[in-house]
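These notes are about the structure you will find just below.
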There are 2 protein chains.
Amino acid sequence: MLDRIGDKWTTLIVLILADGTLRFSELRSHMGNRIAPKVLTQTLRRMEIDGLITRQVFAEVPPRAEYTLTDLGLSLIEPLAAIGDWAEVNAAALLAARARAGDSSAT
Amino acid sequence: MLDRIGDKWTTLIVLILADGTLRFSELRSHMGNRIAPKVLTQTLRRMEIDGLITRQVFAEVPPRAEYTLTDLGLSLIEPLAAIGDWAEVNAAALLAARARAGDSSAT
DNA sequence: CGGAATCCTAGAAGATACTG
DNA sequence: CAGTATCTTCTAGGATTCCG
């Protein structure tokens with residue numbers, strides 16, 4: 001299952017939806033539109049299958065689709081946020097480590 | 001950085017090394033030998049570059065190499081374990097969700 | 001023992017264009 | 001608006017073999 005969490009976007013989507021239900025394009029803009037619609041759809045489908053989110057489609061014009069975290073999805077917020085915090089706190093350390101690794105000329 | 005955590009083995013390795021320094025083959029057997037040596041090496045190298053582990057090689061015969069978590073690596077244990085727990089606790093729910101998704105014939 | 005070298009596959013991710 | 005379709009690229013991961 002960790003592989004699911006590990007894919008590039010799932011974690012981000014969970015954290016974004018943590019603030020509440022969003023529609024497809026809202027979700028996408030919250031991600032800076034850096035994700036291709038196909039990839040977003042794909043990711044959302046996987047998350048739906050895994051029971052992390054629910055997808056509610058409205059038969060309207062213009063069409064509307066809303067994505068909401070399930071209880072299972074909600075329960076993921078905490079541990080995921082913990083890692084997010086870790087990454088944030090240690091961002092500098094990581095960059096330093098990588099720089100060091102690429103720089104063998106230690107004086 | 002989350003992508004690094006997301007790869008298939010890094011999380012597992014951190015949690016295994018949490019119990020203490022291990023050598024290449026020990027590490028591998030702790031993973032049930034389910035990982036190809038190439039992949040293990042590759043993963044360990046990435047982790048080294050990211051400053052999560054240190055690699056100490058002994059110029060002996062037979063050769064020995066020991067892997068130890070750095071402070072940075074140690075700091076990852078908690079949040080990673082949190083996700084591990086989550087996955088364990090919700091394993092059943094996940095399977096159920098997937099089964100449901102593949103089975104539209106709800107009676 | 002601890003890797004490195006080689007070859008291969010699956011699938012995630014991205015760009016672009018199109019449709020109900 | 002919310003996708004789908006198609007094509008392409010990239011690389012993690014895997015199996016096997018060989019070497020110091």
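Both backbone and side-chain heavy atoms feed into the values below; hydrogens, waters and symmetry mates do not. Chain A is the first sequence line, chain B the second, and so forth, proteins listed ahead of strands; every chain is numbered from 1. Given the structure is predicted, the values throughout are model-derived calculations rather than measurements.
Atom pair B/Trp9:CH2 and D/dG13:P shows a separation of 8 Å (rounding to whole Å applied). Residue A/Glu48 contributes atom CD, which lies 14 Å from atom C1' of D/dA2 at whole-angstrom precision. In this structure, A/Leu44 places its CG atom 11 Å from C1' of D/dG3, rounding to the nearest Å. Taking atom CD of residue B/Gln42 and atom C1' of nucleotide C/dC7, one finds them 14 Å apart after rounding to whole Å. Here C/dG3 presents its P atom at 8 Å from CG of B/Leu40, a figure rounded to the nearest Å. For the pair A/Ile35 CD1 and C/dA12 P, the interatomic distance rounds to 13 Å; values are reported in whole Å. Remark: P of D/dG3 and CG of A/Asn33 are 15 Å apart, rounded to the nearest angstrom. Distance B/Leu12 CG to D/dG13 C1': 15 Å, rounded to the nearest Å.
In this structure, B/Asp7 CG and A/Asp7 CG are separated by 13.0 Å, a value rounded to the nearest 0.5 Å.
Taking only side-chain nitrogens and oxygens, B/Arg28 never comes nearer than 4.0 Å to OP1 or OP2 of C/dC1. When the side-chain nitrogen and oxygen atoms of B/Arg23 are compared with OP1 and OP2 of C/dG2, one or more of them lie within a distance under 4.0 Å. Checking the phosphate oxygens (OP1, OP2) of C/dG2, a side-chain nitrogen or oxygen of B/Ser25 falls inside 4.0 Å.
The residue B/Tyr67 sits close only to the backbone: its heavy atoms come under 4.0 Å of sugar-phosphate atoms, none of a base. Using a 4.0 Å heavy-atom distance criterion, A/Arg46 is classed as a sugar-phosphate-only contact.
Annotation: of the two residues near DNA chain D, A/Arg45 and A/Pro62, the 5′-most nearest-nucleotide partner is A/Pro62. Two residues, A/Ala36 and A/Pro63, neighbour DNA chain C, and the one matched to the more 5' nucleotide by heavy-atom proximity is A/Ala36.
Comparing C/dA13, D/dG13, D/dA2 by their nearest atom to the side chain of A/Lys8 picks out C/dA13. Of all nucleotides listed (C/dA4, D/dT4, C/dG2), C/dG2 comes nearest to the side chain of B/Ala65.
For the pairing with B/Trp9, the side-chain contact (heavy atoms from CB on, under 4.5 Å) check across B/Met47, B/Arg34, B/Arg46, B/Gln42 returns one residue only, B/Arg34.
Side-chain N or O atoms of A/Arg55 include none that pairs as donor or acceptor with a backbone N or O of A/Ala65 at under 3.5 Å. In this structure a side-chain-to-backbone donor-acceptor pair under 3.5 Å is missing from A/Thr21 to A/Glu66.
Interface remark: the B/Lys38 side chain does form a donor-acceptor pair with the D/dG14 base, using a distance-only criterion of under 3.5 Å.
Sorted by first then second residue, the salt bridge (charged side-chain N to carboxylate O under 4.0 Å, His left out) pairs that include residues 67-94 of chain A, not counting sequence neighbours, number zero.
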